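Single-structure report; data block below.
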Amino acid sequence: MALQRTFSIIKPDATKRNLTGKINALIEDAGLRIIAQKRIHMTRAQAETFYGVHRERPFFGELVDFMVSGPVVVQVLEGDDAIATYRKVMGATNPKDAEDGTIRKVFAESIEANSVHGSDAPETAEVEIAYFFAGLELVG
Ligand code: GDP
């Protein structure tokens, strides 16, 4: 399997509870390398653009409010089959449906405050990485 990169966000519910290190440990235990990472407080415009595909969904406003409610940690992860590997470590969107040992099962508070984001496809990973990071910030 080829080396691949994916984009990750440690969401406000997790940074608020000081869980960045614990989540990073699960990421690294899964064989993924954190090749870029920074803590930011997203603006409303950034959150609306980032979640633009969900603009028509009923929860869009709440989701944006949540994403700007506190700092987040944006990351680029690298590894074999990184996109699928990270989705597996994250667990299902709703923590009630997530498998034991996944980040969302262990840490998420709700379907919205679910601790992490991970890209769902190579095309979205590329766009999401480029939205938050300059090429020189990725150190693989
Ligand atoms: P993901 O790829 O597993 O993050 O899930 P989606 O792309 O479907 O949804 C994006 C994000 O929107 C999720 O991670 C949640 O934070 C939020 N979300 C998804 N479904 C719901 C919902 O039914 N209600 C609310 N309030 N938020 C949701």
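Atoms within each ligand, like the ligands themselves, are counted from 1 in listed order. Values reported hereafter were calculated over all heavy atoms of this structure, with side chains retained and with hydrogens, waters and symmetry mates removed. The residues of the chain are indexed from 1 along the displayed sequence. Quick caveat: nothing in here was measured; it's all calculated off a predicted structure.
- Distances from ligand 1 to the non-hydrogen atoms of Arg87 include at least one value under 4.0 Å.
- In this structure, Lys38 is positioned above the aromatic face of Phe133, its NZ or CZ under 6.0 Å from the six-membered ring centre and within 45° of the axis.
- Nearest protein heavy-atom contact of atom 8 (O) of ligand 1 is Arg57 NH2, 4.0 Å.
- Considering both main-chain and side-chain atoms, His117 never comes within under 3.5 Å of ligand 1 through any nitrogen or oxygen pair.
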Exercise for the section: Verify ring pair (Phe, Tyr, Trp, His ring centres under 6.0 Å) between Phe7 and Phe50, making sure each step is shown before the conclusion. Expected result: CA-CA 12 Å; Phe7 177 73; Phe50 181 75; 5.8 Å; yes
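- In this structure a side-chain-to-backbone donor-acceptor pair under 3.5 Å is present from Gln46 to Thr43.
- Of all the atoms in ligand 1, the ones that sit under 4.0 Å from a non-hydrogen atom of Glu62 are 26 (N).
- Against a heavy-atom cut-off of under 4.0 Å, Asn114 is close to the following atoms of ligand 1: 13 (C), 14 (O), 15 (C), 16 (O).
- Of all protein heavy atoms, the one closest to atom 19 (C) of ligand 1 is Phe59 CZ, 3.6 Å.
- Nearest heavy atom pair, residue Thr6 against residue Ala125, reads CA-CB, 4.2 Å.
- When all heavy atoms of Ser69 and Pro12 are compared, the closest pair comes out as OG-CB, 3.5 Å.
- For atom 10 (C) of ligand 1, the nearest protein heavy atom (residue, atom name, distance) is His54 NE2, 3.5 Å.
- The two atoms that bring Glu128 and Ser119 nearest to each other are OE1-OG, 2.7 Å, heavy atoms only.
- From the protein, the heavy atom lying nearest to atom 16 (O) of ligand 1 is Glu112 O, 2.8 Å.
- Selection from Thr93, Asp65, Ile111 by nearest heavy atom to atom 1 (P) of ligand 1 gives Thr93.
- Residue contact annotation: Arg104 has a non-hydrogen atom under 4.0 Å from ligand 1.
- Taking hydrophobic clusters as Ile, Leu, Val, Met, Phe, Trp and Tyr residues chained together by side-chain heavy-atom distances below 4.5 Å, Val68 does not share a cluster with Val73.
- Neither the backbone nor the side chain of Met90 comes within contact range of ligand 1; no heavy atom lies under 4.0 Å.
- No donor-acceptor pair closer than 3.5 Å links the side chain of Glu78 to the backbone N or O of Arg33.
- Residue Leu63 has at least one heavy-atom neighbour below 4.0 Å for each of these atoms of ligand 1: 12 (O), 16 (O), 17 (C).
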